[in-house]
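One structure is given here, and the rest of the page talks about it.
Keep in mind that this is a model prediction, so the values were computed, not measured. One-based numbering, in listed order, for ligands and for the atoms of each.
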Amino acid sequence: MTLSWITPADRVKMLPPYVFARLDELKARAREQGLDLIDLGMGNPDGPTPQPVVDAAIEALKNPANHGYPPFEGTASFRRAITQWYHRRYDVELDSESEALPLLGSKEGLTHLAIAFINPGDLVLVPSPAYPAHFRGPLIAGGKVHSLMLKPENDWLIDLGAIPDSIAQQAKIMYFNYPSNPTAATAPREFFEDVVAFAHKHEILLVHDLCYAELAFDGYQPTSLLEIPGAKEISVEFHTLSKTYNMAGWRVGFVVGNRHVIQGLRTLKTNLDYGIFAALQSAAETALQLPDVYLHEVQNRYRTRRDFLIQGLAELGWTVPKPRATMYLWVPCPPGIGSTDFALSVLQQTGVVVTPGNAFGAAGEGYVRISLIADCDRLGEALRRLKQANICYLPAK
Ligand SMILES: *Cc1c(COP(=O)(O)O)cnc(C)c1O
């Protein structure tokens, strides 16, 4: 029996195809053709989870107290570890009862926040390019997304002055993310101050994604939105353990900030899930308490790869600015070819997978994102193949 009469709801049908799913198909086809793929497409860290975290998980698994449903709002002890981490890291005071909520990864929370707060037709400000959940969440909720087009000449920062007053007045929520995926841009503290003033003036809820809080190099320390005076009144900030601690498969993230917003998200989630397996919350506490030497190792690993790849790309004609944070290079396509065509041609000719910039929104056209998720040997092999296929950057004449 077919179910030809049943179709997904409009909120699912109207979503643009998830580029990573499409890329997966193409990768599968390339593999069938016998290509040895070098996958620098997704932001999926290649390193193992730190041993102390794995050990803590094994211990916690053996404790039957962890085997039942976890508390909806996360374990008290993980929430305290989160607020202690915030205090240590940013000198920001948070109430672990009401101002911190563990999440099944931050993607889950970013999307559910939209469902909890956006009514059909509500206006949401979202940068372009952006991490897909920042615009897909609002679209699923029925919101109207107003794209804030980011530009290289503005260092990929949001130009608040370019937002028309009528739009700012209508907007209910603004998503943003620095250090940024995909552009790898960082924002100075003054930018965060300007955003907070803008949000107060126009009564906009700020949703900041600080996914790359710890993946920063050369002494740079990313700013937390909550460090800015007055921010907690109008904002929440999302974090994940996926990237810093190589825990993408564990699905652990959290949100902190305004208690009313956290309460709204918690109410929705109470109807959807039971949160993170308690044994994993216990291991996640260990991650947040790891000594700084662990962070330095991770940072060094990505910094070494960054420098190696930038140097190699320079030999092929590319001038890529050195990002001070994230695990990405944001690389212009050679003149005259679009993002999708360039990524496809690189894949077909060399087996190297990069992500077309337009996957992150229209303003990502003309770029590809390269993830630093392979060691220098593999990156070197990728560069050799590019050279052999004569793929290089020739400036427009
Ligand atoms: C990777 C990434 C996430 C997803 O994190 P999870 O906690 O694994 O869901 C969220 N935001 C940005 C900007 C990311 O790059």
Side-chain angles (χ1 to χ4, degrees), residues 18-20 23 39-47 49 53 74 78 82 85 100-115 126-138 140 148 150 156-158 174-187 206-216 222-225 236-257 265 269 272-273 275-277 280-281 283-284 287-288 298 302 323 325-330 354-355 357 359-361 364 367 369-373:
Y18 204 77
V19 164
F20 295 107
L23 219 57
D39 192 347
L40 310 175
M42 279 187 75
N44 191 359
D46 57 313
T49 302
V53 179
F78 183 35
I82 291 168
W85 179 81
L101 181 65
L103 301 166
L104 294 157
S106 58
K107 181 178 180 182
E108 175 262 298
L110 287 160
T111 305
H112 282 145
L113 181 94
I115 294 171
V126 186
S128 172
Y131 177 68
H134 298 173
F135 54 87
R136 286 167 180 272
I140 291 170
L148 308 172
L150 308 183
W156 303 102
L157 286 180
I158 297 167
M174 175 168 128
Y175 280 74
F176 69 118
N177 156 237
Y178 293 103
S180 156
N181 174 11
T183 66
T186 54
L206 295 178
V207 178
H208 185 233
D209 184 347
L210 189 46
C211 181
Y212 298 96
E214 307 282 12
L215 295 189
T223 305
S224 162
L225 178 60
V236 287
E237 187 160 76
F238 284 81
H239 287 263
T240 178
L241 277 72
S242 298
K243 310 287 165 59
T244 312
Y245 303 106
N246 295 328
M247 290 174 69
W250 298 56
R251 310 313 301 133
V252 183
F254 55 91
V255 58
V256 293
L265 178 56
K269 276 172 60 63
L272 294 172
D273 65 63
I276 310 159
F277 181 21
L280 301 192
Q281 296 192 53
L288 291 182
V298 185
Y302 287 116
T326 77
M327 47 196 274
Y328 307 109
L329 296 186
W330 185 238
V354 299
T355 305
F360 307 98
Y367 287 80
R369 189 194 70 179
I370 306 182
S371 299
L372 301 169
I373 52 170

Which is closest to atom 11 (N) of ligand 1 in terms of heavy atoms, Leu110, Leu210, Leu103, Asp209? Asp209

Atom 9 (O) of ligand 1: of Glu108, His239, Arg251, His134, the nearest heavy atom sits on Arg251

Ligand-side contact atoms (ligand 1) for residue partner [X], heavy atom cut-off under 4.0 Å:
X      : value
Gly105 : 7 (O), 9 (O)
Asn181 : 13 (C), 14 (C), 15 (O)
Lys243 : 1 (C), 2 (C), 3 (C), 14 (C), 15 (O)

Ligand 1 N/O within reach of Ser106 N/O, cut-off under 3.5 Å: yes

Min N/O separation Thr240 to ligand 1 under 3.5 Å: yes

Establish, yes or no, whether a centroid distance under 6.0 Å links the rings of Tyr302 and Tyr212. no

For Asn246, does its backbone N or O pair with a side-chain atom of Thr49 as donor and acceptor, under 3.5 Å? yes

Short question: side chain of Asp209, backbone of Asn177 - any donor-acceptor pair under 3.5 Å?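 Pair absent, no side-chain N/O of Asp209 close to backbone of Asn177.
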
Exactly one of Tyr367, Tyr178, Phe176 clears ring pair (Phe, Tyr, Trp, His ring centres under 6.0 Å) with Trp156, and that residue is Tyr367

Mutual orientation of the aromatic rings belonging to Phe78 and Phe254 [parallel < 30°, tilted 30-60°, perpendicular > 60°]: perpendicular

Is there a side chain to side chain contact (heavy atoms under 4.5 Å, CB included) between Val236 and Leu265 once you walk through the steps? CA-CA 11 Å; Val236 287; Leu265 178 56; over 6 Å; no

Using the rule given for side chain to side chain contact (heavy atoms under 4.5 Å, CB included), can you reason through Val298 versus Thr244, listing the C-alpha separation, both sets of side-chain angles and the distance that settles it, and then say yes or no? CA-CA 7 Å; Val298 185; Thr244 312; 5.6 Å; no

Check Tyr212 against ligand 1 and report side chain, backbone, both or neither, counting heavy atoms closer than 4.0 Å. side chain

What residue and heavy atom of the protein are closest to atom 8 (O) of ligand 1, and at what distance? Ser242 OG, 2.6 Å

Provide, to 0.1 Å, the distance between atom 4 (C) of ligand 1 and the closest protein heavy atom, together with that atom's residue and name. Tyr131 OH, 3.2 Å

